[in-house]
**Student:** 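Take a look at the following structure, please.
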Protein chains: 2
Amino acid sequence: MHTASASAGDPGGTWVTRASLDTSGSTDKRLERRVVMSPLLGVLGGMGPAAANSFLASLVEHTPAGRDQDHIATIVYSDPETPDRSDAILAGGPSPVPAMRRGIEFLDRSGCDLIAIPCNTAHQWFDELAAAGSTPILHIVDAVLTRITHDAPQAGAVGILATDGTIHSGIYQRRLAASGHSVLDLTDLGADNPVMAGIRAVKAGELDHARAYLTKAAEMLVTRGAQGLVFGCTDVAAALGATVDGVDVPVWDSSEALAIACIDRIRPDRPDQALTAGEEARENR
Amino acid sequence: MHTASASAGDPGGTWVTRASLDTSGSTDKRLERRVVMSPLLGVLGGMGPAAANSFLASLVEHTPAGRDQDHIATIVYSDPETPDRSDAILAGGPSPVPAMRRGIEFLDRSGCDLIAIPCNTAHQWFDELAAAGSTPILHIVDAVLTRITHDAPQAGAVGILATDGTIHSGIYQRRLAASGHSVLDLTDLGADNPVMAGIRAVKAGELDHARAYLTKAAEMLVTRGAQGLVFGCTDVAAALGATVDGVDVPVWDSSEALAIACIDRIRPDRPDQALTAGEEARENR
């Protein structure tokens with residue numbers, strides 16, 4: 001299967017092997033430029049500057065590997081000048097699409113077999129980005145949905161800690177509703193929304209303040225009825241790690257979910273490998 | 001200045017601006033492929049899987065930035081199948097040079113203005129890699145030397161915590177001797193060398209064991225007369241962080257030094273910017 005929009009939730013999807021690429025005339029140009037022979041993961045980073053790093057750390061942690069050579073080959077393209085995604089959605093700021101398209105085209109030309117975009121807000125423009133090249137892009141919300149379905153299939157309402165831009169884009173609401181989950185957020189609080197205050201504190205490097213705001217936001221979402229929480233912004237996980245103190249519902253980090261989905265897609269022969277490897281890495285820490 | 005081997009320690013080196021690139025006929029092909037307009041840093045990663053991540057984390061931490069868009073554009077190429085560097089040096093294992101050359105050629109073709117290789121052992125083959133393209137490569141030992149000269153110019157003997165392969169390659173000994181420093185290591189201990197035991201423990205994910213071995217190694221080097229310590233392997237910093245408990249000499253992490261040197265080279269207008277930004281980031285943590 002080699003479509004522009006790959007779904008992490010599709011258990012029937014098989015990996016594009018080198019052999020299948022070799023027989024397709026349309027991929028000749030990509031093969032010519034290809035430098036790595038194993039499946040190659042492209043990452044569109046730079047949104048923000050540390051987002052790709054946490055994604056790559058999850059990728060290393062969850063890849064079952066006994067030695068360096070067992071890890072996944074990657075090309076990471078980060079153009080931090082990409083205009084702010086939330087500004088574009090909420091305030092009519094300059095569009096980030098041309099810069100992101102250049103990145104996708106670069107990864108496509110470089111012979112990547114699969115692309116990940118560790119930025120939730122960027123997925124507002126998923127369809128345009130998927131159309132920018134022939135390399136399939138894994139949708140971050142599909143990756144989260146796969147984790148929710150695995151860990152807590154009965155969860156009704158799920159709380160999302162994300163930028164106003166991501167909430168406003170509707171990417172979580174649409175994809176989670178299709179699987180029977182409702183989505184809770186705090187955007188009705190406007191300027192008092194502790195999620196945005198927390199994300200701004202992370203970007204300013206004030207992690208203690210950030211933790212206080214984001215923990216409060218998590219508690220408020222649970223009070224409103226959330227049966228699970230999604231960290232739908234890399235900055236949230238940067239401040240809180242993988243859990244929220246005092247909150248007793250499952251928590252999913254979208255960036256980690258995306259890494260797990262990429263591993264499962266690239267190594268489809270080993271179901272649940274990424275979860276097991278991640279647990280072992282944590283136990284040894 | 002646009003030579004194959006850039007030196008981090010060269011204070012007279014100026015950055016290759018876009019304007020100067022535009023007037024050079026030899027760079028036409030690179031410009032054609034170029035997708036990012038600001039200075040673009042290429043990173044040869046994958047040696048080991050987490051090395052590029054810690055380098056990139058240092059790069060973000062030390063870049064003076066008030067917003068996402070102030071950070072440095074990067075392309076990171078990681079081929080984990082690159083054969084083991086130490087094996088090649090010490091045990092006649094397969095050469096990593098062809099895989100590394102493919103990576104350098106890729107970064108060169110992609111229009112990078114400067115290349116960093118966050119792997120000390122790989123610098124054994126620095127001259128061959130620098131000859132693989134026209135993009136200057138910053139030598140990691142020059143970057144360390146710049147930090148030693150800045151922080152402790154009077155340091156005589158410097159202890160190196162690195163793989164046997166790096167020690168055996170002589171890259172530290174040669175470049176530090178030229179600046180009047182001698183180099184101490186523990187390779188004379190053979191199988192009892194706690195540095196290699198510590199590095200193996202990091203690779204196996206056993207960080208507590210790793211810390212114990214590497215702290216012991218640091219203490220032994222200070223007892224032997226080291227007036228400063230260099231973490232000459234990314235795995236060492238991964239276990240110990242930026243300091244060694246109970247050791248009272250300056251410590252330099254080669255990966256962080258390389259990140260600082262890249263920032264100083266890409267933004268030469270702001271001396272000591274990277275050091276100041278890094279200190280501020282730590283205070284806010």
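Scope of the values below: all heavy atoms of this structure, side chains included, with no hydrogens, waters or symmetry mates. Chain naming here is simple, since letters A, B, ... match the order of the sequence lines and numbering starts at 1 in each.
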**Student:** Examine whether an atom of A/Arg85 lies under 4.5 Å from a heavy atom of chain B, and if so say whether it belongs to the side chain, the backbone or both; otherwise answer neither.
**Tutor:**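 Interface part for A/Arg85: side chain.
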
**Student:** Picking from A/Leu40, A/Leu56, A/Thr63, A/Val60, what satisfies side-chain contact (heavy atoms from CB on, under 4.5 Å) with A/Ile72?
**Tutor:**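 It is A/Thr63; the other options fail the test.
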
**Student:** Rounded to the nearest 0.5 Å, how far apart are NE2 of A/His123 and OG1 of A/Thr166?
**Tutor:**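 OG1 of A/Thr166 is found 10.0 Å from NE2 of A/His123.
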
**Student:** From A/Leu114 CG over to A/Cys262 SG, what is the distance, rounded to the nearest 0.5 angstrom?
**Tutor:** 5.0 Å

**Student:** Is B/Asp70 close to chain A through its backbone or its side chain, or both, or neither, when contacts mean heavy atoms under 4.5 Å?
**Tutor:**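 Nothing of B/Asp70, per the 4.5 Å heavy-atom cut-off to chain A.
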
**Student:** Using non-hydrogen atoms only, which part of B/Ser54 is less than 4.5 Å away from chain A: side chain, backbone, both, or neither?
**Tutor:**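 Contact with chain A: none, neither part.
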
**Student:** To the nearest 0.5 Å, tell me how far B/Asp84 CG sits from B/Ser95 OG.
**Tutor:** 12.0 Å

